[in-house]
Protein chains: 2
Amino acid sequence: MNSNITIYDVAREAAVSMATVSRVVNGNPNVKPSTRKKVQDAIEQLGYRPNAVARGLASKKTTTVGVIVPDISNIFFADLARGIEDVATMYKYNIILCNSDQNREKEIHLLNTLLGKQVDGIIFMGGRLHEDLVREFKTSPVPIVLAATLNQDYDLPAVNIDYESAAHDAVKSLIDRGHERIGFITGPLEQQINGEKKFAGYRRALEEANLPFNEQNVVLGNYTYDSGMKAMNQLLELGEDCPRAIFAGTDEMALGVIHALQDAGHRVPEDFEVIGHDNTRLATMIRPKLTTVVQPMYDIGAVSMRLLTKILNKEEIETNDVTLPHRIEQRDSTRP
Amino acid sequence: MNSNITIYDVAREAAVSMATVSRVVNGNPNVKPSTRKKVQDAIEQLGYRPNAVARGLASKKTTTVGVIVPDISNIFFADLARGIEDVATMYKYNIILCNSDQNREKEIHLLNTLLGKQVDGIIFMGGRLHEDLVREFKTSPVPIVLAATLNQDYDLPAVNIDYESAAHDAVKSLIDRGHERIGFITGPLEQQINGEKKFAGYRRALEEANLPFNEQNVVLGNYTYDSGMKAMNQLLELGEDCPRAIFAGTDEMALGVIHALQDAGHRVPEDFEVIGHDNTRLATMIRPKLTTVVQPMYDIGAVSMRLLTKILNKEEIETNDVTLPHRIEQRDSTRP
DNA sequence: CCTTCATTGTAAAACGTTTTCATTCGCTTT
DNA sequence: AAAGCGAATGAAAACGTTTTACAATGAAGG
């Protein structure tokens with residue numbers, strides 16, 4: 001309809017130059033009110049809609065940022081993405097969303113695609129940061145911030161919670177309830193967040209209570225419900241030695257744990273206590289409701305995007321590496 | 001690093017014209033192999049990365065499509081989005097993702113933003129299509145396809161399942177089990193999908209079985225878990241008259257229903273049978289596992305995007321209005 | 001009434017591609 | 001050897017903005 005009408009048409013209609021039209025479109029104050037009015041009327045009349053691509057070329061700003069997540073259909077990243085999008089909207093940015101499936105080559109490819117599209121910045125989420133990816137990040141022509149993603153050297157802008165401490169708190173709360181054997185169902189240990197952080201927190205809590213670490217109590221999952229069930233069933237095979245308190249690395253796995261337990265005829269929290277991690281909406285959609293570590297995904301997304309805007313605007317920044325607070329939400333999968 | 005090097009630099013380095021560089025970058029066959037090689041080497045050497053914005057301006061194609069969803073943090077739309085993104089990637093498109101919150105003004109605003117960004121097409125999801133939005137859609141300079149979204153006149157490209165029939169089947173299966181009072185927990189009736197389709201299916205199933213329609217058996221929810229609980233509790237207040245079979249408009253509400261029932265000391269499926277709708281991943285994350293109508297969200301997304309690419313490529317199209325099959329996934333919230 | 005300095009407006013040069021059209025090149029064909 | 005022809009290349013004009021460098025206008029100061 002109006003997609004073929006240009007700034008030049010508006011200029012002609014309003015009998016001014018295109019620079020003037022550009023000024024009014026961009027809110028430049030150096031335009032006489034009467035002229036502004038004239039131009040606005042012309043815009044209205046013609047149904048003019050500025051071409052963002054041309055604008056991007058001329059100004060070298062696209063008001064678009066790239067977002068790379070492992071998988072948007074994962075409730076966890078979906079929440080994060082929503083946080084990002086909300087503050088992006090607030091600052092007039094749009095989001096190009098990409099799924100990486102945590103695949104290193106895809107990640108690099110997506111990064112290059114996004115840079116080719118001239119995004120003004122990028123927000124990245126991923127489990128493991130390969131060195132070559134980090135290298136690319138560091139030489140990127142636009143700022144990149146990590147959301148809920150650790151990098152070895154902590155020298156990239158990032159927003160996280162303190163995973164070590166969160167895991168520690170969760171496990172300690174279980175210990176404080178009198179448990180001596182604590183199961184830990186974790187995601188892949190290659191991922192720093194599991195292997196270095198949550199796991200360390202688990203061990204620290206044990207040590208502080210002078211409890212022995214027993215390898216058979218930690219079992220690997222892959223974040224999914226099914227893997228949580230499977231992991232719990234594996235623990236149950238320990239028989240007498242099976243831990244009666246479980247800390248699961250994600251809520252979804254925790255649900256699997258609880259159902260595996262219930263399917264085997266056990267009661268939660270009477271026979272077994274379980275704590276999850278993330279506080280996704282799932283946590284309240286199960287009976288018993290899940291006690292869980294709250295990782296504020298939405299906030300992490302929002303703060304990441306805000307941090308990115310700060311960098312883009314060259315605002316003063318206290319710290320590049322922000323740590324958001326966590327806490328444990330007490331529900332019914334642990335005893336009061 | 002390389003973001004300032006242009007096609008012109010490559011041309012100089014390879015001692016050819018920029019037109020030739022453009023040719024090799026775009027895979028134009030009319031380039032002598034030796035020249036092609038020379039250019040590719042220069043590209044490699046300089047780390048040249050084509051500027052998609054300039055490209056978009058010159059070619060009037062951005063290989064970007066806009067996606068408008070009510071709320072990406074909703075598992076339902078997240079799945080859909082993943083389907084869209086996957087086939088978009090397949091066809092070398094990127095996705096600009098926007099949340100509308102089903103807000104009419106936001107929807108219109110987003111549409112205009114996307115058109116301003118010169119997307120090649122748009123995929124839209126939303127509950128209710130206001131007339132002015134439909135008008136904008138019809139005059140849009142780029143194709144728009146509706147995903148899991150109805151429009152009154154069925155004259156826009158769209159991908160859906162047959163909601164009326166799906167609801168009918170669900171309710172009929174309940175009737176076939178001997179129920180005479182069937183509860184229907186629905187989303188807002190202004191939304192065509194509920195008010196016209198699912199509701200109609202519900203009534204048709206009743207009629208076909210010569211069962212009376214009773215208004216008190218249908219109660220409104222807003223798609224959320226909590227609203228499902230609340231709705232069920234409201235039904236329970238009917239006491240003796242409370243239906244013992246419930247059809248819930250979404251899985252999430254169905255979970256709420258089941259938990260409301262369990263919290264009140266009832267057993268599912270022994271005392272009450274429940275059928276959900278959508279078959280989100282939630283369906284298997286509850287005990288009893290949820291019997292539900294499967295609406296293939298991922299597929300709807302994927303097919304929508306595929307349809308869009310067909311339109312963009314001017315491929316032959318059988319029909320603009322595609323209906324995907326549905327079925328009922330039998331699980332444990334209904335008796336065998 | 002003439003300077004001088006803001007204030008507004010203009011013209012034109014970027015921005016980095018694609019694309020059109022013309023030209024040149026390297027071979028056959030005659 | 002000339003002509004012809006398709007393939008390969010190049011020159012330059014879009015594409016629709018922003019931005020820069022100026023010019024014109026008008027008001028204020030002397």
Side-chain angles (χ1 to χ4, degrees), chain A residues 2-40 42-43 46-64 92 113 115-120 141-142, chain B residues 2-40 42-43 46-64 92 113 115-120 141-142:
Chain A
N2 50 16
S3 71
N4 45 347
I5 92 103
T6 76
I7 199 173
Y8 186 74
D9 299 318
V10 176
R12 182 154 28 75
E13 177 79 12
V16 298
S17 74
M18 43 191 293
T20 300
V21 177
S22 176
R23 286 201 186 93
V24 353
V25 167
N26 292 290
N28 183 315
N30 285 348
V31 179
K32 185 161 47 169
S34 68
T35 312
R36 179 183 308 279
K37 176 80 167 64
K38 230 175 19 178
V39 172
Q40 280 166 339
I43 288 176
L46 269 42
Y48 167 67
R49 177 192 297 132
N51 180 325
V53 171
R55 210 197 277 240
L57 183 58
S59 68
K60 297 176 162 300
K61 303 241 156 296
T62 53
T63 58
T64 302
K92 316 274 190 208
T113 305
L115 293 179
K117 292 233 168 169
Q118 313 299 116
V119 294
D120 294 338
V142 303
Chain B
N2 49 15
S3 70
N4 44 346
I5 92 104
T6 75
I7 200 174
Y8 187 73
D9 300 318
V10 176
R12 183 154 24 77
E13 178 79 12
V16 298
S17 73
M18 43 193 291
T20 302
V21 177
S22 175
R23 287 198 186 90
V24 352
V25 167
N26 293 291
N28 183 316
N30 285 347
V31 179
K32 187 163 44 167
S34 68
T35 311
R36 181 184 306 279
K37 176 80 167 61
K38 234 177 14 179
V39 172
Q40 279 166 340
I43 288 177
L46 269 43
Y48 168 67
R49 178 192 296 133
N51 181 324
V53 172
R55 209 196 276 240
L57 183 59
S59 70
K60 297 174 162 302
K61 301 241 158 298
T62 53
T63 60
T64 302
K92 316 276 191 206
T113 305
L115 293 178
K117 293 231 167 170
Q118 312 299 120
V119 295
D120 295 337
V142 302

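Residue numbers start from 1 in every chain, and the chains themselves are labelled A, B, ... in the order their sequence lines are given, proteins ahead of strands. Computed from heavy atoms alone, side chains included, the values below leave out hydrogens, waters and symmetry copies.
- Val16(B) comes within 4.0 angstrom of the backbone, heavy atoms only, and of no base.
- Between the NZ atom of Lys38(A) and the C1' atom of dG9(C) there is a distance of 10 Å, rounded to whole Å.
- Between the C1' atom of dG16(D) and the CZ atom of Arg12(A) lies a distance of 14 Å, rounded to the nearest Å.
- Using a 3.5 Å distance cut-off with no hydrogens or angles, the side chains of Lys117(B) and Thr64(A) do pair a donor with an acceptor.
- Of all non-hydrogen atoms in Gly116(A) and Arg49(B), the two that sit nearest each other are N-CD, 3.5 Å.
- For a distance-only test at 3.5 Å, the side chain of Arg49(B) fails to qualify as a donor-acceptor partner of the base of dG16(C).
- At whole-Å resolution of the value, OH in Tyr48(A) and P in dT17(D) are 3 Å apart.
- Remark on DNA chain C: of its neighbouring residues Lys32(B) and Ala19(A), the 5'-side contact belongs to Ala19(A), judged by nearest-heavy-atom nucleotide.
- Out of dG16(C), dT18(D), dA8(D), the shortest distance to the side chain of Ala58(B) is found at dG16(C).
- Neither OP1 nor OP2 of dT18(C) sits under 4.0 Å from any side-chain N or O of Ser59(B).
- What separates CG of Asn51(B) from C1' of dA14(C) is a distance of 14 Å, to the nearest Å.
- Residue contacts shown for Ser22(B) include a base, since a base heavy atom lies under 4.0 Å away.
- Remark on DNA chain D: of its neighbouring residues Leu57(B) and Thr20(B), the 5'-side contact belongs to Thr20(B), judged by nearest-heavy-atom nucleotide.
- Judged by distance alone, with hydrogens and angles left aside, the side-chain atoms of Asn26(A) form no donor-acceptor pair with the main-chain N or O of Asn28(A) at under 3.5 Å.
- dC15(D) atom C1' lies 14 Å from atom CD1 of Ile7(A), rounded to whole Å.
- In this structure, Lys60(B) does not reach the dT19(C) phosphate: none of its side-chain N or O atoms is under 4.0 Å from OP1 or OP2.
- None of Thr20(A), Val24(A), Val21(A) except one satisfies the side-chain contact (heavy atoms from CB on, under 4.5 Å) rule with Thr35(A); the exception is Thr20(A).
- A sub-4.0 Å separation between OP1 or OP2 of dC15(D) and a side-chain N or O of Thr6(A) is absent.
- Considering only side-chain atoms of Asn26(A), the nucleotide from dG16(C), dT18(D), dT17(D) that sits closest is dT18(D).
- In this structure, Asn30(B) reaches the dA8(D) phosphate: one of its side-chain N or O atoms is under 4.0 Å from OP1 or OP2.
- Minimum interatomic distance between Met18(B) and Ile7(B) (heavy atoms only, all atoms of both residues): O-CD1, 3.7 Å.
- With rounding to whole Å, Met18(A) atom CE is found 16 Å from dG9(C) atom P.
- Between the side chain of Arg23(A) and the base of dT18(D), no donor-acceptor pair under 3.5 Å is found.
- Distance, Gln118(A) CD to dT17(D) C1': 15 Å, rounded to whole Å.
- In this model, the phosphate group of dA11(C) is not approached by any side-chain N or O of Tyr8(A) to a distance below 4.0 Å at OP1 or OP2.
- Val31(A) comes within 4.0 angstrom of sugar-phosphate atoms only, judged by non-hydrogen atoms across all strands, and of no base.
- Atom CG in Asn28(B) sits about 10 Å away from atom P in dT9(D), given to the nearest Å.
- Side-chain proximity of Ala54(B) to dG16(C), dT18(C), dT17(D): nearest is dG16(C).
- Nearest heavy-atom pair, Val53(A) versus Gln118(B), reported as atom, atom and distance to 0.1 Å: CG2-CG, 3.5 Å.
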